[in-house]
Amino acid sequence: MSVDHYTYRVSWSEEDGEFVGTCVEFSSLSWLDKKQDGALKGIRKLVLDCLKDMKKDGESLPEPLSTK
């Protein structure tokens, strides 16, 4: 199971004073970190954990935007 084809974004959150990593295909997930690369690594791991849970529960996995 790969998280590489999903769409990620890292931006600065003035409100939180940290970078926030998000994934377009998993709009309810986000990851805060003081460093940009930490926010990206965090959201990718969170997406992977979510995919594992979904697969275990027999749920359909979101189709990456890149394959639509």
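What you see is a predicted model, and the numbers here were worked out from it, not measured in a lab. Counting begins at 1 with the first residue of the sequence.
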Does any non-hydrogen side-chain atom of Arg44 lie less than 4.5 Å from one of Asp4? yes
What is the minimum heavy-atom distance between Tyr6 and Pro62, and which atoms define it? OH-O, 2.7 Å
What are the two closest non-hydrogen atoms of Glu25 and His5, and how far apart are they? OE2-O, 4.4 Å
Shortest non-hydrogen contact from Gly21 toward Ala39: N-CB, 3.8 Å
Linked, directly or transitively: Leu29 and Leu48 (ILVMFWY side chains, under 4.5 Å): yes
State, with a plain yes or no, whether a side-chain heavy atom of Tyr8 is found less than 4.5 Å away from one of Val47. yes
Tell me whether Leu51 shares a hydrophobic cluster with Leu40, the cluster being built from Ile, Leu, Val, Met, Phe, Trp, Tyr side chains joined at under 4.5 Å. yes
Of all the heavy-atom pairs spanning Gln36 and Phe19, show the shortest one and how long it is. CG-CE2, 3.2 Å
Is Phe26 linked to Val20 within one hydrophobic cluster, defined over Ile, Leu, Val, Met, Phe, Trp and Tyr using a side-chain heavy-atom separation of less than 4.5 Å? no
Give, for atom CG of Leu61 and atom SG of Cys50, the distance between the pair rounded to the nearest 0.5 Å. 9.0 Å
Tell me, which pairs form a ring-ring contact (aromatic ring centres under 6.0 Å, His included) where one or both residues lie in residues 47-68, sequence neighbours left out? none
Residues 29-68 vs ring-ring contact (aromatic ring centres under 6.0 Å, His included), sequence neighbours excluded, gives none
Give the C-alpha distance, both sets of side-chain angles, the deciding distance and a yes or no for side chain to side chain contact (heavy atoms under 4.5 Å, CB included) between Cys23 and Ile43. CA-CA 7 Å; Cys23 179; Ile43 189 63; 4.3 Å; yes
